[in-house]
Colleague: 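Let me give you the structure first, and then I'll get to my questions.
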There are 2 protein chains.
Amino acid sequence: MTASTILIVDDEAAIREMIRVGLELAGYECLEASNAQDAHGLIVDRRPDLVLLDWMMPVTSGLELLRRLRRDELTRDLLVIMLTAKDDEDNRVQGLDVGADDYITKPFSSRELMARIKAIMRRSTSREEEESIEVAGLKLDPSSHRVFVDATPLEMGPTEFKLLKFFMTHQERAYSRGQLLDQVWGTNVYVEERTVDVHIRRLRKALQTELRDCGLLIQTVRGTGYRFSTTGVCA
Amino acid sequence: MTASTILIVDDEAAIREMIRVGLELAGYECLEASNAQDAHGLIVDRRPDLVLLDWMMPVTSGLELLRRLRRDELTRDLLVIMLTAKDDEDNRVQGLDVGADDYITKPFSSRELMARIKAIMRRSTSREEEESIEVAGLKLDPSSHRVFVDATPLEMGPTEFKLLKFFMTHQERAYSRGQLLDQVWGTNVYVEERTVDVHIRRLRKALQTELRDCGLLIQTVRGTGYRFSTTGVCA
DNA sequence: CAGAACTGTCATAAAATTGTCACTAAAAAT
DNA sequence: ATTTTTAGTGACAATTTTATGACAGTTCTG
């Protein structure tokens, strides 16, 4: 188990269960917050690897918190497992829609919990250090969340940034729209595939400066998807 | 939906559900088998993209079948979603441990089923890694979906790419137009055989560079069809 | 709460790809 | 040497696939 921290929102029973089972955790914490905003803030603060999110939180809504987590760049990649009541199918679907990685119905067995956590963590790519990436005169700095061509900063939205980041870390390879949705938007998100086209366009536009047109770095692969390649100019 | 085939093991209700929902499937099949071995054989035979595996099969055990699937090289990468009874927690855990990609509890909503399938299939598309093929100074890279002569990328349409890929993986052998249609265009597609000629020409043209004329690699076998052979220059 | 920034979808325009033809060139058969 | 087949070509019109601009609903930011 690679969890360095597991953070449980509003469900002491769950964590006790985990401890009982002997889940090897480098650390864990049980969090209580009166509203989604506070909870979100605390989570950002603690930087856990995994969040067990109780759907039936007394005060705030699990859905609301999950939305916030998925919206924020800082917590977007967080693994979130919902804890839902046994028959609460609507919420489950809703949760998956909003971007929960998985759910567990209460009451759950420790074995199931562990299996889920294992599966989820195996599935997710390990987060590594965020170093700035530089390709063909294009520099992307994850920490400052900015992109430069030579020295001039470029303007772009969060989605375009993430898209570019993915491309810069996965060059010279064609990706289908579906794969891009999966990688950039995240799993369990229903978005039209054509939406990718639009964001590609926005990104290409953003990569244009008076000096260089780095939008050419993003090549369209007909019938397949897109590819980021330095073969296409922007020297 | 990219499923070319979805195969349902022993659960007619599930497939009816999917049809009702309008899940766009290129094909599907409901399979019944008296034991795990037979079922495994049938699955190998059908080569589906996804298996919905009912845990409560009347005769054979879902677990046993899953084990077989994971053991066999041919079916190892198959996506498997278990269908389990609502309270059958032990089996769920067991299934995930043995290697199911996900599970759905019955009765499930069509939305949930679709969400799961979509997510699972998107996630998996990058599972197989194809290696680039290199022949006589000609390099075809499936991952980037490109072809190079030496280092210069070549331009060609999707069909020409597929055609070339087929030839490069099936060298030194003559194929009739009909065979090529089957292999490259896909079976049950009604297209004039002479269409192949046209695409052969387009491919030959695409393979021409100022330096080399790799179009010569594609030889015509009079009265029969075409053959890809390194005997024909482009050294 | 108002204004600015983003997002996901559409409708439409613009491009690229495709399957066929008609016609020419090349080979094989008479 | 001619006729008969079979393959190579260039041109097209139909279809598909992408690129774009506009929009309306939301989410941030003050």
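The figures here come from the full heavy-atom set of this structure, side chains too, leaving out hydrogens, waters and symmetry mates. All values derive from a computational prediction rather than experimental measurement. First the proteins, then the strands, lettered A, B, ... as listed; each starts at 1.
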Colleague: Of all residues at least two apart in sequence or in a different chain, which pass the side-chain hydrogen bond (donor to acceptor under 3.5 Å, both in side chains) check with B:Ser144?
Modeller: B:Asp141

Colleague: Let me check the geometry of the helix from C:dC1-D:dG30 to C:dT30-D:dA1. What is the bend angle between the axes at its two ends, five pairs each, to 10°?
Modeller: 30°

Colleague: How close or far is atom C1' of C:dT18 from atom CG of B:Leu180, stated in whole angstroms?
Modeller: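 Atom CG in B:Leu180 sits about 17 Å away from atom C1' in C:dT18.
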
Colleague: Whole Å only: how far is the CD atom of B:Gln219 from the P atom of D:dA7?
Modeller: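 Between P of D:dA7 and CD of B:Gln219: 15 Å.
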
Colleague: Any side-chain heavy atom of B:Arg204 within less than 4.5 Å of one from B:Thr220?
Modeller: yes

Colleague: Rounded off to whole Å, could you give me the CZ-to-C1' distance for the B:Arg177 and C:dT20 pair?
Modeller: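 After rounding, the reported distance stands at 15 Å.
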
Colleague: How many Å lie between NE2 on A:His199 and P on C:dT9, as a whole number?
Modeller: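 Taking atom P of C:dT9 as the reference, NE2 of A:His199 is at 9 Å.
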
Colleague: According to salt bridge (Lys or Arg N to Asp or Glu O under 4.0 Å), does anything in residues 171-188 of chain B pair up with another residue at least two apart or in another chain? List the pairs.
Modeller: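 Output for this query lists B:Arg177-B:Asp197.
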
Colleague: Is B:Gln171 reaching over with its side chain to a backbone N or O of B:Met168, donor-acceptor style, under 3.5 angstrom?
Modeller: yes

Colleague: When the distance from CD1 of A:Ile200 to P of C:dT7 is rounded to whole Å, what number comes out?
Modeller: 14 Å

Colleague: In this structure, how many angstroms lie between the P atom of C:dT18 and the CG atom of B:Leu181, rounded?
Modeller: 13 Å

Colleague: Would you mind building the protein contact string for nucleotides 12-17 of chain C? One character per nucleotide, 5' to 3', B for base within reach (heavy atoms under 4.0 Å), S for sugar-phosphate only, - for untouched.
Modeller: ---BSS

Colleague: Counting just side-chain N and O atoms, does B:Trp185 come under 4.0 Å of either OP1 or OP2 of C:dT18?
Modeller: no

Colleague: Look at the side-chain N and O atoms of A:Tyr226 and state whether any lies under 4.0 Å from the OP1 or OP2 oxygen of D:dA19.
Modeller: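 Result: yes.
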
Colleague: Rounded to the nearest angstrom, tell me the gap between atom NZ in A:Lys162 and atom P in C:dC6.
Modeller: 16 Å

Colleague: Taking the side chain as C-beta and beyond, is there a heavy-atom pair between A:Ile200 and A:Phe167 under 4.5 Å?
Modeller: yes

Colleague: Is there a donor in the side chain of A:Ser229 and an acceptor in the side chain of B:Arg146, or the other way round, less than 3.5 Å apart?
Modeller: yes

Colleague: What about the rings of B:Tyr175 and B:Phe166, do their centers lie closer together than 6.0 Å?
Modeller: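 Ring-ring flag for B:Tyr175/B:Phe166: true, centres closer than 6.0 Å.
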
Colleague: Using the test side-chain hydrogen bond (donor to acceptor under 3.5 Å, both in side chains), find all partners of B:Lys139 that sit at least two apart in sequence or belong to another chain.
Modeller: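 Checked B:Lys139 against side-chain hydrogen bond (donor to acceptor under 3.5 Å, both in side chains); zero matches.
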
Colleague: Does any part of the side chain of B:Val189, heavy atoms only, come nearer than 4.5 Å to the side chain of B:Leu181, both counted from C-beta?
Modeller: no

Colleague: Please list, pair by pair, any protein nitrogen or oxygen found under 3.5 Å from a nitrogen or oxygen in nucleotides 20-24 of chain D.
Modeller:
residue: D:dG21; atom: OP2; partner: A:Arg201; partner atom: NH2; Å: 3.3

Colleague: So, is A:Thr195 close to the C:dT9 phosphate, meaning a side-chain N or O under 4.0 Å from OP1 or OP2?
Modeller: yes

Colleague: Taking the side chain as everything from C-beta on, heavy atoms only, tell me whether B:Leu207 gets closer than 4.5 Å to B:Leu164.
Modeller: yes

Colleague: How long is the line joining CZ of B:Phe161 and C1' of D:dT17, in whole Å?
Modeller: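 Rounded to the whole Å, the gap is 18 Å.
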
Colleague: Within a strict 4.5 Å, meaning less than it, do heavy atoms of the A:Phe228 and A:Val135 side chains meet?
Modeller: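 A side-chain contact exists here, since the closest heavy-atom pair is under 4.5 Å.
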
